[in-house]
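Written below as structure tokens is the structure these notes are about.
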Amino acid sequence: MVTVQTADSVLKSYYLDAVKDALNMKTNPLMAMIQQTTSNVVGKDIRKTIKSGISGGIGAGTETGNLPQALDGNYMQFVATLKNLYGTIEISDKALRASANNEGSFVNLLNEEMESLLKNSQYNFGRMLYSDGTGTIGRVLAVGGNNTFTFETVRAMIEGMEVDFYDALKRPVEEATKRKVVAVDRVNRTVTFGGPTIPEGAITIGAYAAMHGCWGNEITGVEALFSGDVDNLYGVEKNSNQYMTPYVKGDLGAITEEIIQKAIDEIEATSGSQINVILCSPGVRRSIVKFFRTAGVTLPTMDVHGYKALDFHGIPIIADRFCTNGTMYFLNTNDFKLHQLCDWQWLEGEDGKILKQVPGKPVYTATLVKYAELICERPCGQGKIYGVTES
């Protein structure tokens, strides 16, 4: 007979390894390429000593001259707080009892819940990898009626998510918290939210939208290296340190092979980095394909952890739905580490159980948890070009 204890045991013994693999390797190609490690975790923080430049001790001289002297290295310390990542499933007591005498129904019940958890977690985690860590999923471009707003981009918006609004000064808008997305028009970039009518003037142009409860609590994604909204990265001032300054070029227009190769060459020449992946929006990928096809060349494809990518002189070009329109990122994923306290685990109570009844409700919940933060060890070895014309 299936019981709460049975479900608890199955979630621990059977589903956890499958969930880890799906979230770590199948969220998106970028996640699959980043090493995960428990190193440099100190308490609730990550503390990593970084050395920039060279320390001397190398040179040429005469047979009787002085030997080269080693110099003090240029050290800095990256400090970042581990972010709390959660994913929750919910099973009603009624559904559990209905499948008590039918193992097949019980398996289907758990499969449905776990598939939903994976889908939502992969969506959210994949989105965060391309964000700047602030939690922003969109900025208001125009204010309409009936709780409808036009955003600069809606690529991170999806029906069913709950959103908090912040004004242009990043202060919470009390009249617009935990608003459910009820409709997304991806052509016109408008989003309609549920709930009472938001008072006129409460949300203005330039306001921020963030997933409910996530403002300032998300993983520091790739865009944090380039974003003007992020002045301090890993405890180090970005603008005053060349090591923290990546390659950026904008307003490029039509893509060409020369533009792509020039970005790679300049990054590698100035930083010693070796670009091993190019990430772009689907529209940019179409433009790249069109350019080479017009030139009479068909770019070959390659496999990257089970994902298809264009092969640009041995470097994969991968399109991702969360990459900003008209943008290409040039990354050396060997410079990125996902530092974590532990891999995904079920949150256990004092009794060791993971399924817990919600107080006052005939519902049981179980929560996956991971404490982690993404660190780029060499920001100057990464690059971004934007303003690329899309096809």
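Not measured: the values here are computed from a predicted model.
Side chain of T148 to backbone of G144: no donor-acceptor contact under 3.5 angstrom is found. T153 contributes a side-chain N or O that, together with a main-chain N or O of R155, makes up a donor-acceptor pair within less than 3.5 Å. Judged purely by atom type and a 3.5 angstrom limit, S281 has no side-chain atom pairing as donor or acceptor with the backbone of N325. Proximity of a side-chain donor or acceptor of D185 to a complementary backbone N or O of R189 within less than 3.5 Å is not detected. No donor-acceptor pair closer than 3.5 Å links the side chain of T324 to the backbone N or O of T327. Distance alone, capped at 3.5 Å, places no donor-acceptor pair between the D335 side chain and the E377 backbone. Of the possible donor and acceptor atoms, none in the side chain of S116 sits under 3.5 Å from a partner among the backbone N and O of E112.
A salt bridge is defined here as a Lys NZ or Arg NE, NH1 or NH2 lying under 4.0 Å from an Asp or Glu carboxylate O, and E159 with R186 meets this definition. Salt-bridge annotation for D8 and K12: present, with a side-chain N of the basic residue lying under 4.0 Å from a carboxylate O of the acidic one. Under 4.0 Å is where a charged nitrogen must lie from a carboxylate oxygen, and between K370 and D343 at least one such pair does.
Counting only heavy atoms from C-beta outward, the side chains of I137 and V163 approach each other to under 4.5 Å. When side chains are defined from C-beta on, L11 does not count as touching L16, because their heavy atoms never get closer than 4.5 Å. Residues I203 and V140 form a side-chain contact, since some pair of their non-hydrogen atoms from C-beta on lies under 4.5 Å apart. Side-chain contact between Q122 and N28 is absent, with no heavy atoms from C-beta onward closer than 4.5 Å. Taking the side chain as every heavy atom from C-beta outward, Q382 and F336 approach each other to under 4.5 Å. Side-chain contact between F78 and I375: present, with at least one pair of heavy atoms (C-beta onward) separated by less than 4.5 Å. Contact annotation: the side chain of F291 never approaches that of I288 to less than 4.5 Å [non-hydrogen atoms, C-beta and beyond]. For the pair I275 and I267, the minimum side-chain heavy-atom distance is below 4.5 Å.
The hydrophobic cluster containing W346 does not contain V363, counting ILVMFWY residues as joined when their side-chain heavy atoms lie under 4.5 angstrom apart, directly or transitively. When the side chains of ILVMFWY residues are joined at heavy-atom separations under 4.5 Å, either directly or via intervening members, Y86 and I354 end up in a single hydrophobic cluster. Hydrophobic clustering (side-chain heavy atoms under 4.5 Å, transitive across Ile, Leu, Val, Met, Phe, Trp, Tyr) keeps Y247 apart from M244. In the hydrophobic cluster analysis, where Ile, Leu, Val, Met, Phe, Trp and Tyr join through side-chain heavy atoms closer than 4.5 angstrom, Y234 is grouped together with L341.
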Using residues 293-309 as the side-chain source, report each donor-acceptor pair under 3.5 Å to any protein atom, sequence neighbours left out, with the distance given to one decimal.
from : atom 1 : to   : atom 2 : distance (Å)
T294 : OG1    : K290 : O      : 2.8
D303 : OD2    : G306 : N      : 3.2
Y307 : OH     : K26  : O      : 3.0

Distance-only donor-acceptor pairs under 3.5 Å for side chains of residues 217-226, two or more places apart:
from : atom 1 : to   : atom 2 : distance (Å)
N217 : ND2    : G213 : O      : 3.1
E218 : OE1    : R127 : NH1    : 3.2
E218 : OE2    : R127 : NH1    : 3.3
E218 : OE2    : R127 : NH2    : 2.6
T220 : OG1    : E373 : OE2    : 2.7
E223 : OE1    : Y329 : OH     : 2.4
E223 : OE1    : K384 : NZ     : 3.2
E223 : OE2    : K384 : NZ     : 3.1

| task | Take I89 and T365, measure what side chain to side chain contact (heavy atoms under 4.5 Å, CB included) needs, and give me the verdict at the end. | result | CA-CA 6 Å; I89 64 170; T365 65; over 6 Å; no
| query | Does the side-chain hydrogen bond (donor to acceptor under 3.5 Å, both in side chains) test come out yes or no for T150 and T190, once each step is laid out? | reply | CA-CA 4 Å; T150 302; T190 62; 5.7 Å; no
| request: Could you go through the side-chain hydrogen bond (donor to acceptor under 3.5 Å, both in side chains) check for N111 and Y15 one step at a time? | output: CA-CA 9 Å; N111 281 342; Y15 283 99; 2.7 Å; yes
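Around the CD atom of E200, the shell of radius 6.0 Å holds no more than 12 heavy atoms that belong to other residues, nucleotides or ligands. Atom NZ of K353 is surrounded by 12 or fewer heavy atoms from other residues, nucleotides or ligands within 6.0 Å. With a 6.0 Å radius and a threshold of 12 heavy atoms from other residues, nucleotides or ligands, Q5 has its CD atom above the threshold. Annotation for Q274: atom CD does not count as buried by contact number, only 12 or fewer foreign heavy atoms lying within 6.0 Å.
Here the straight-line distance linking atom OG1 of T192 with atom NZ of K180 works out to 14.0 Å at 0.5 Å rounding.
Side-chain atoms of Q35 and H339 include no donor-acceptor pair closer than 3.5 Å. T134 and D132 share a donor-acceptor pair across their side chains, judged by distance under 3.5 Å alone. Side-chain N/O atoms of D164 and T177 include no donor and acceptor closer than 3.5 Å. Remark: the E237 side chain and the N241 side chain contain no N/O donor-acceptor pair separated by less than 3.5 Å.
Between Y208 and Y166, the distance separating the two ring centers is not shorter than 6.0 angstrom.
Ring geometry for W344 against F125 counts as perpendicular: the plane angle is over 60°, on a 0 to 90° scale with 30° as the lower cut.
E174 is linked by a side chain to side chain donor-acceptor pair (under 3.5 Å) to nothing, counting only residues two or more places apart in sequence or in another chain.
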